[in-house]
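Reminder, nothing fancy here: chain letters follow the sequence lines and each chain counts from 1. The structure presented is a predicted model; accordingly, all values stated were derived computationally and were not measured.
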2 protein chains.
Amino acid sequence: MTTAPFLSATARVDAAALQTLPGSRKVYVEGSHADIRVPFREIVLSPTTTSGVTEENPPLLVYDTSGPYTDPEAEIDLRRGLPELRRGWIEGRGDTDFLDGPSSEYGRRRANDPLLAPLRFDLARTPRRAKTGKNVTQLHYARQGIVTPEMEFIAIRENQRRQALGSEEVERILGHQHPGQGFGTRLIDEITPEFVRREVAEGRAIIPCNINHPESEPMIIGRNFLVKINGNLGNSAVSSSIEEEVDKMTWGIRWGADTIMDLSTGQNIHETREWIVRNAPVPIGTVPIYQALEKVGGVAENLTWEIFRDTLIEQAEQGVDYFTIHAGVLLRYVPLTAKRVTGIVSRGGSIMAKWCLYHHRESFLYEHFEDICEICKQYDVAFSLGDGLRPGSVADANDEAQFAELETLGELTRIAWQHDVQAMIEGPGHVPMHLIKENMDKQLAECDEAPFYTLGPLTTDIAPGYDHITSGIGAAMIGWYGCAMLCYVTPKEHLGLPNKDDVKTGIITYKIAAHAADLAKGHPAAQRRDNALSKARFEFRWEDQFNLGLDPDTAREYHDETLPKDSAKVAHFCSMCGPKFCSMKISHEVRAAVFKDEADNPGLESDRETIERGMEEQAERFRAQGGHLYREV
Amino acid sequence: MTTAPFLSATARVDAAALQTLPGSRKVYVEGSHADIRVPFREIVLSPTTTSGVTEENPPLLVYDTSGPYTDPEAEIDLRRGLPELRRGWIEGRGDTDFLDGPSSEYGRRRANDPLLAPLRFDLARTPRRAKTGKNVTQLHYARQGIVTPEMEFIAIRENQRRQALGSEEVERILGHQHPGQGFGTRLIDEITPEFVRREVAEGRAIIPCNINHPESEPMIIGRNFLVKINGNLGNSAVSSSIEEEVDKMTWGIRWGADTIMDLSTGQNIHETREWIVRNAPVPIGTVPIYQALEKVGGVAENLTWEIFRDTLIEQAEQGVDYFTIHAGVLLRYVPLTAKRVTGIVSRGGSIMAKWCLYHHRESFLYEHFEDICEICKQYDVAFSLGDGLRPGSVADANDEAQFAELETLGELTRIAWQHDVQAMIEGPGHVPMHLIKENMDKQLAECDEAPFYTLGPLTTDIAPGYDHITSGIGAAMIGWYGCAMLCYVTPKEHLGLPNKDDVKTGIITYKIAAHAADLAKGHPAAQRRDNALSKARFEFRWEDQFNLGLDPDTAREYHDETLPKDSAKVAHFCSMCGPKFCSMKISHEVRAAVFKDEADNPGLESDRETIERGMEEQAERFRAQGGHLYREV
């Protein structure tokens, strides 16, 4: 096992995570108060030149998960953590107090252990908790009719300032957008803070934002918003160090992770998480049972409610934004998995199944679910109700065990809502394409439209090493059908712990799936980026094509493999077809021929007959000019 | 430009293409005659050991496109080409003659040019052609009620000997298969030679098998069979050599390419193709207009029917199995593309559009379509009716230009069928998910169920460098909806010419898409491989898990990155979760607890009540044994 020392004194941010993305600049859009500053990335484009006439291409504003890391004006120091963006908003509500120190026994023990000093994040402040009797969840505020700064921030963020450009102007420059097919999704043209509030109030969306994670930039998970993606990281007993995990976090958000789950099961779970939360501008999720199991030496049946409860408080006071809780694994469901091809494949699910079986009773997660709600509402930790019985193979998809648990997750959702605790529902797993929609439909029905959050699903089992792709297919489809957040799968799935490269591959694959889903749902303005990139491609603006892509670095590298020179970045061909066979180049000649005198012939495109009548004349002109209207730049 | 000399005297096969795949052996299933020997790959599996009882896992037979290259008994010599597997069948029909030599002017010129000797394949035989008045297409035979050896070969190949294992035995060992959803697909339990004949006769499937490509192993493309994939290769003026292209072919078929298209547009197109065809056990497709354009120095408007006709004959006599012909690009459709975001993105389409515009008349492809049929039926070259106006961006998907051309492709299909010439139809392109099904439905309706063959489609434009994934999503979906063959897209799409690595990535991605589609359609026995792999995974048979995957080498490499030792190949965990958190390991303990005495309790799994009654007793036993039923191997 490799554990590089991660010293509090010397921790340094991964330099690769600090570069601004090529052709991009960080911009902020202000809300109703100066402290609501919503970050975006603006991709600056070069102009289009046709026949000597130059037209500007407006910069494209894109949703930006990378936080201050890509802001050249920000001073990044992992040892100090990110600025407390939300501190004023939390304090302004007047419903929380600072504690004297961690109130969990384990948290206190770790804080006071001198041996841990070299790897401990030096947090100057103490944890915050709701005042007695107060509920500090966004769901609680929403139901009181309160529009929080978090909600306003999210409205601006989701809108991507798309009203700033009039739709006619956009259509002229960037082309139209296809109407979507949303399966009941309600996508509206302008997302208002009030719309955000209502979606949260009705349980259709959640805002994971623990009061002890004031560093996070508010985001929302719900099917009437942009589809989100999660990236998992975390060490195991076999591999990785704190430093590697922090690097995976900063690398993951650079490429688009909307949330990060820290699934560490190895050494120093508490300290690893502290470093991650303090430096994460996105919500952090965990599966607390992993750490609880560590505390009992890995013996599942020795787990107790008391140990688990202490773990929840420990993590809530560090700032974890959502907890995966496998409370739907009921004793009577366990035997339903015994004849499966792959049994129980959820780590949390298998731990709880073993516990239930050993003690022959329902789990403490289920029996103490309302106690867990009580903890969550004091910190605003959202539930991610875990699917402990999800299928681990195509054969086990949509079986009785899976759907029985889903029904229980629906019951638990309603209990969480009684406590004004936010909840989303986890979903599979391995599901062949034709059985995916049933998952989405059943989840919406059983869980009263609470957001769905699925792992893939993988659409076949036969490609270990490529499960980002087998699952990317399923993720795109279920995102289209209404899944609110897609949990990535990396190429290492089933084979080993992902490294930094795997994290990036997983993130990009899932950004593709999420965006493909937004397009298919018809999310307003989602197609703007596709149109801008395709226009750049057609106009041989190579740099713009790279920069508008999800991964400019790889696109450029692939292009330069055969044509590395700068001159190739304005060439009207690439190595795929070479200059004579470039369809786009020829297509420009065709277009020029058709439209040479469009100004003189305004009805040109109005119908085929008009076009045909105009064709002979144009053909003559084309021939007269030697068939070479096209000019090299 | 890099052109390594490829000398007739020294050509050598890529050693990487010759290894048998790990854990696999080449097997042949004989048909009704000894010369019908259908190749398969058999993946040999290790036994399952539970509580000291060992049960064999039957080897898995998989469809094998790799030809003799993976047969250790075959002698591979690129300079001699592959054995003429089909020679006897072709001669047995008595409807063809050998010519004195190439009958195309260009073919003769190349054959007689002494300067080309060093890079010319030394073909000892002359081309074959139908006797005067004969039609030698598989469609012609099928309509006469003749079941050819090619059809019998295909029936055996598609069946994968799935009747050999009784379904009860298969279910017991490998688990069930979900019923599929086929959108009108007719998948039958046992594919007979007569079924193959009928599908071909009715135009729903094609068997691309030029009489001058007797080296090819017959395969079928149709939606009532396994979904197939095509891999493109070919040089460009900017890059690559003959040797590299032959290596891409042998590499592509190793990983599962069902057909290969040689899209060369650079130097020595004729000689490159000869090397590829002579050494290809899969059908080869081309786009003859590319070479014709080379012959007129790249000036589209100088193309003539005579030059094109000579090119068709030249290529047909080399053994090309299918021709992409962009005869659907009509003059009146061209202006419909002028307002598109990305105009015309098909190379062939843009060439023909330019020609039509320049001459202001319909193309020679359209006007001479029946003459082309006359050529095709003398050699049995199938049509791949090209979609010259396919959308090159999400914005242009499903537009008037695209669908107008598709209607014309329907007309051309019926003309081809009047000549008993086989035809499939090419499709897009760039299409967002919710607009994909319309493509499939319209193609089936317009083209009377002729097979559809699509490029992707790409479901978003925003990920250059990852278009194998953006398109793999669309390919899986359209395969499910009924597309018969999926043309791969590599990571280099839009950026450069793919190299050997890119070819492999494209092929594996498309094997995933095709298999996911087979699963969703409910192709009989498609799920067997998923079940076998998942069973191996659950039983920690790591080697079997790797070997059952589409790419054993990469799976093993990823696993070994963190746990390289041999002992890790039987370990009951991997580096992802480590030993204590392996859900599958814990799941075995759960299963053991539930099923300890299944023999004494046969009703155990019959219903939940029975299970629950049995639980308390089992829990006691479990506790008595210390909760550690599980034993390390």
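Chosen from A/T554, A/I436, A/T342, A/I351, the residue pairing most often with chain B at heavy-atom distances under 4.5 Å is A/T342. Comparing B/T470, B/I512, B/L293, B/T459 by heavy-atom pairs within less than 4.5 Å of chain A, the highest count is held by B/I512. Among B/S346, B/G234, B/A353, the residue making the largest number of heavy-atom pairs under 4.5 Å with chain A is B/S346. Counting heavy-atom pairs under 4.5 Å between each of B/V345, B/V394, B/D560, B/D502 and chain A puts B/V394 at the top. If you tally non-hydrogen atom pairs under 4.5 Å between each of A/R529, A/K521, A/E539 and chain B, the highest count goes to A/R529. For the set A/P432, A/P464, A/A475, A/A517, the entry with the most heavy-atom pairs within less than 4.5 Å of chain B is A/P464. Across B/A526, B/G549, B/S534, the residue that shares the most heavy-atom pairs under 4.5 angstrom with chain A is B/S534. Taking chain B as the reference chain and counting heavy-atom pairs below 4.5 Å, the highest number among A/I586, A/D530, A/I473, A/T460 is found for A/D530. Most heavy-atom pairs under 4.5 Å with chain B, from the set A/M477, A/R340, A/H430: that is A/M477. For the set B/R537, B/K511, B/H559, the count of heavy-atom pairs under 4.5 angstrom toward chain A peaks at B/R537. When each of B/H468, B/R556, B/E493 is scored by its heavy-atom pairs under 4.5 Å with chain A, the top score falls to B/E493. Listed options A/L548, A/L563, A/L435 were ranked by heavy-atom pairs under 4.5 angstrom with chain B; first place goes to A/L435.
Neither the backbone nor the side chain of A/D518 comes within contact range of chain B; no heavy atoms are under 4.5 Å apart. With a 4.5 angstrom heavy-atom cutoff, B/N302 does not touch chain A via any of its atoms. Both the backbone and the side chain of A/P491 come within less than 4.5 Å of a heavy atom in chain B. Residue contact with chain B, scored on non-hydrogen atoms closer than 4.5 Å, involves the side chain of A/L533 exclusively. Heavy-atom distances place the side chain of A/N499, and not its backbone, under 4.5 Å from chain B. With a threshold of 4.5 angstrom between heavy atoms, B/A532 does not approach chain A through any atom at all. Residue contact with chain B, scored on non-hydrogen atoms closer than 4.5 Å, involves the backbone and the side chain of A/Q181 alike. Both the backbone and the side chain of B/Q545 have a heavy atom closer than 4.5 Å to some heavy atom of chain A. At a 4.5 Å heavy-atom cutoff, the contact between B/P179 and chain A is made by backbone atoms alone.
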Does the side-chain contact (heavy atoms from CB on, under 4.5 Å) test come out yes or no for A/W480 and A/L519, once each step is laid out?
CA-CA 8 Å; A/W480 172 25; A/L519 284 179; over 6 Å; no

How far apart are the C-alpha atoms of B/I462 and A/H515, what are their side-chain angles, what is the distance that settles it, and do they pass the side-chain contact (heavy atoms from CB on, under 4.5 Å) test?
CA-CA 9 Å; B/I462 68 166; A/H515 184 73; 3.4 Å; yes

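Residue B/D396 holds its CG atom at 9.0 Å from OG1 of B/T337, rounded to the nearest 0.5 Å. Atom NE2 in A/H176 sits 7.5 Å away from atom CG in A/N531 (nearest 0.5 Å). Here the OG1 atom belonging to A/T509 is positioned 12.5 Å from the OH atom belonging to A/Y466, to the nearest 0.5 angstrom. A/F546 CZ to B/L495 CG: the interatomic distance, rounded to the nearest 0.5 Å, is 6.0 Å.
A/A397 and A/V431 get closest at one heavy-atom pair: CB-CA, 3.9 Å. Listed here is the closest heavy atom pair of A/V341 and A/A395: CG2-CB, 3.6 Å.
Here the side chain of A/E589 pairs no donor or acceptor atom with the backbone of B/K354 at under 3.5 angstrom. Side chain of A/H588 to main chain of A/F538: a donor-acceptor pair is present (N/O by atom type, distance under 3.5 Å, no hydrogens or angles).
With sequence neighbours left out, the side chain to side chain contact (heavy atoms under 4.5 Å, CB included) criterion links A/E557 to no other residue. With sequence neighbours excluded, the residues that form a side chain to side chain contact (heavy atoms under 4.5 Å, CB included) with A/T265 are A/S236, A/Y290, A/R347, B/F581.
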